[in-house]
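These notes are about the structure you will find just below.
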Protein chains: 2
Amino acid sequence: MNRIGTQKKILDAAELLFAENGYHGTSLRAITAKAGVNVAAVNYHFGSKKALLDNVFERRLIPLNRIRMEKLESVRAAARELGVRPSVRDLMYAFVAPTITFRDSGKGARNFIALIGRSVGESSSTVRSSFFQFMEPFVRFMVESLVEALPGLSGEVLLRKFQFSVGALFHTLRLSDESYMPEQAKVFASAVKSLGKGKVIKSAGKGVSGNKVSSEQLVEELVNFITAGMEA
Amino acid sequence: MNRIGTQKKILDAAELLFAENGYHGTSLRAITAKAGVNVAAVNYHFGSKKALLDNVFERRLIPLNRIRMEKLESVRAAARELGVRPSVRDLMYAFVAPTITFRDSGKGARNFIALIGRSVGESSSTVRSSFFQFMEPFVRFMVESLVEALPGLSGEVLLRKFQFSVGALFHTLRLSDESYMPEQAKVFASAVKSLGKGKVIKSAGKGVSGNKVSSEQLVEELVNFITAGMEA
DNA sequence: CTTTAATTCAAACATCTGTTTTAATCGTAT
DNA sequence: ATACGATTAAAACAGATGTTTGAATTAAAG
């Protein structure tokens with residue numbers, strides 16, 4: 001039985017190509033060619049292209065969301081035990097850290113992170129519905145926790161601020177692999193190069209900002225940024 | 001000569017459908033059907049589907065970027081005259097305000113703003129290259145100005161912080177029309193409804209946050225958020 | 001009015017899409 | 001070895017895609 005092997009090969013290829021060219025921009029023939037399997041294998045193992053997309057999300061998003069949920073719950077539990085409100089910073093950390101550190105768990109994970117970074121803003125309803133079905137429980141829990149942490153804010157304002165944070169995080173995820181955003185990478189790199197004053201950017205000639213910063217530092221900067229924004 | 005009329009009809013239809021279903025998710029036949037013109041009209045007037053996309057961007061992005069540039073230049077000029085550094089808040093305002101207030105200049109403008117909100121993270125290289133070719137001069141100028149405003153930050157850190165801001169803004173633009181993001185709207189709306197404590201969200205039953213806040217308030221909140229993040 | 005160029009239109013183009021079919025092949029248990 | 005269910009493979013399917021063609025129509029110029 002090579003079943004599992006074939007399914008994994010298809011999932012890996014689809015994950016990569018969906019991240020690179022989008023759902024509609026990726027044909028089943030491109031996927032099966034990269035996976036080294038027959039075209040019919042997708043419909044045999046998954047049923048349809050849409051079902052394949054669901055499986056691509058499901059494979060990574062279920063364990064990832066479990067980690068995020070656990071972190072969030074432990075933050076709330078710790079605060080409850082101390083009789084205080086959870087801090088915005090801790091909540092934001094539980095939101096940001098698992099996602100970004102997940103990038104480092106393998107090449108496939110990096111592709112997937114770039115994919116979900118795109119899926120938040122995906123134009124096609126096919127991709128959106130597939131993605132949000134897995135994200136809803138976490139988002140709901142997160143918003144509830146934020147209301148607890150920032151009781152002075154109205155629900156509307158808090159919601160928008162959280163959406164600003166979501167945008168900041170997922171945009172960063174999109175940029176996590178330079179190869180997927182060559183135009184943006186070039187624009188920013190040339191902007192930095194043309195500065196010519198102040199602190200020198202040591203890496204300007206070699207690469208592009210965003211893919212050489214360590215995950216730990218990126219988490220730190222991002223949490224600092226959105227925590228300050230949430231509390232402003 | 002009905003030339004201009006036909007071209008405009010095609011551009012309007014394409015702008016709407018690209019925003020709703022993405023570039024690859026929109027067929028020329030869908031565009032021409034909505035525009036009420038013949039399929040061949042696109043290739044006759046624009047040359048190709050890709051060239052049509054370029055024209056959709058160009059029509060709005062050139063005047064919009066000119067406004068952003070002028071605002072940015074006036075901020076820098078005012079600071080120079082006073083012999084001080086431009087404030088982060090003023091720079092961020094010049095970045096955010098023109099984009100968001102542009103939404104209100106008409107129905108087509110609203111469609112377009114949703115479209116460019118998506119194009120930043122678009123998976124397809126076709127859309128990305130079309131979009132970034134118009135955005136590069138502004139991004140370059142913006143980064144240069146930020147270096148001036150925050151001389152204490154290294155170029156790399158500043159760049160990442162600006163990218164967080166870009167993410168926050170464009171994610172908000174994506175959500176500026178609820179009809180394009182029904183799943184996300186539902187997730188957030190239900191999350192708010194299930195709060196049950198603190199300030200009551202008056203609008204929870206009627207609509208969804210994001211499309212009833214005034215542009216002025218949205219600009220204010222967004223500028224507050226990213227200014228705090230930049231200065232954190 | 002006639003001529004001429006620009007524009008529209010229906011139809012067809014070749015190619016690509018996701019999916020299905022049918023036969024061949026594989027691994028495994030009897 | 002045989003039989004059987006699972007998997008693969010090649011081929012074909014109907015439909016949609018972007019683009020092109022060539023005739024019909026329209027509008028402006030002489």
Side-chain angles (χ1 to χ4, degrees), chain A residues 1-59 115 119 122-130, chain B residues 1-59 115 119 122-130:
Chain A
M1 268 209 236
N2 209 7
R3 168 187 224 157
I4 297 170
T6 299
Q7 281 183 329
K8 182 180 182 328
K9 276 190 275 183
I10 293 174
L11 285 173
D12 290 342
E15 183 172 65
L16 172 64
L17 291 175
F18 285 159
E20 276 182 351
N21 308 316
Y23 176 76
H24 286 110
T26 304
S27 72
L28 287 184
R29 282 168 178 81
I31 293 172
T32 52
K34 182 170 265 294
V37 302
N38 191 273
V39 211
V42 169
N43 287 277
Y44 177 77
H45 285 290
F46 298 98
S48 68
K49 188 186 179 183
K50 168 69 161 63
L52 170 61
L53 178 69
D54 288 340
N55 277 270
V56 167
F57 278 124
E58 189 175 6
R59 176 173 66 149
L115 171 62
S119 304
E122 175 68 50
S123 313
S124 146
S125 62
T126 312
V127 180
R128 271 187 281 125
S129 62
S130 233
Chain B
M1 269 212 234
N2 209 6
R3 168 189 223 151
I4 296 170
T6 299
Q7 281 184 331
K8 183 180 181 328
K9 276 190 275 184
I10 293 174
L11 285 173
D12 290 342
E15 182 174 66
L16 172 64
L17 291 174
F18 285 158
E20 276 181 351
N21 308 316
Y23 176 76
H24 286 112
T26 304
S27 72
L28 287 184
R29 281 168 178 83
I31 294 171
T32 52
K34 181 168 267 291
V37 302
N38 191 272
V39 212
V42 169
N43 287 278
Y44 177 76
H45 284 289
F46 298 98
S48 69
K49 188 186 180 185
K50 169 69 161 65
L52 170 61
L53 178 69
D54 289 338
N55 278 269
V56 168
F57 279 123
E58 189 174 5
R59 176 173 65 149
L115 171 63
S119 304
E122 175 67 51
S123 313
S124 147
S125 61
T126 313
V127 180
R128 271 186 282 123
S129 61
S130 235

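Within every chain, numbering begins at 1; the chains are lettered A, B, ... in the order of the sequence lines, protein sequences first and strands thereafter.
One can place NZ of A/Lys49 at 16 Å from P of D/dA16, the figure rounded to the nearest angstrom. Distance CG (A/Leu53) to P (C/dT19): 12 Å, rounded to an integer number of Å. Per the geometry, CZ belonging to B/Phe18 stands 12 Å off C1' belonging to D/dG18, to the nearest Å. For the pair B/Asn43 CG and C/dA10 P, the computed distance is 16 Å after rounding to whole Å. Rounded to whole Å, atom P of C/dT19 lies 13 Å from atom CD1 of A/Ile10. In this structure, the CG atom of A/Leu28 is 8 Å from the C1' atom of C/dT17, given to the nearest Å. One can place CG of B/Leu52 at 15 Å from P of D/dT17, the figure rounded to the nearest angstrom. When the P atom of C/dT8 is taken as reference, atom CZ of B/Phe46 falls 11 Å away, rounded to whole Å.
The line from CG of B/Leu53 to CD of B/Glu15 is 11.0 Å long, rounded to the nearest 0.5 Å. Note: A/Asn38 CG to A/Leu28 CG = 11.5 Å, rounded to the nearest 0.5 Å. Going from atom CZ of B/Arg59 over to atom CD of B/Gln7 covers 10.5 Å, rounded to the nearest 0.5 Å.
Residue B/Arg29 places its side chain closer to D/dG18 than to any other of D/dG18, C/dT21, C/dG18. Picking from C/dT8, C/dT20, D/dT7 the nucleotide with the shortest atom distance to the side chain of B/Tyr44 gives C/dT8. For A/Ala40, the listed nucleotide lying nearest its side chain is C/dT20; candidates were D/dT21, C/dT20, C/dT19.
Here A/Asn38 does not reach the OP1 or OP2 of D/dT8: none of its side-chain N or O atoms lies under 4.0 Å away. Close to C/dT8, at under 4.0 Å from its OP1 or OP2, lies a side-chain N or O of B/Thr6. Dashed line: the shortest gap from a side-chain N or O of B/His45 to OP1 or OP2 of C/dT8 is under 4.0 Å. Contact check, A/Ser27 against C/dC16: no side-chain N or O comes under 4.0 Å of OP1 or OP2.
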Worksheet item: After noting the C-alpha distance and the side-chain angles of B/Leu52 and B/Ile31, does the key distance pass the side chain to side chain contact (heavy atoms under 4.5 Å, CB included) rule?
Response: CA-CA 11 Å; B/Leu52 170 61; B/Ile31 294 171; 4.0 Å; yes

Fill in: Verdict with supporting geometry, B/His24 and A/Tyr23, side chain to side chain contact (heavy atoms under 4.5 Å, CB included)
CA-CA 9 Å; B/His24 286 112; A/Tyr23 176 76; over 6 Å; no

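At the heavy-atom level, B/Thr32 lies nowhere under 4.0 Å from the strands shown.
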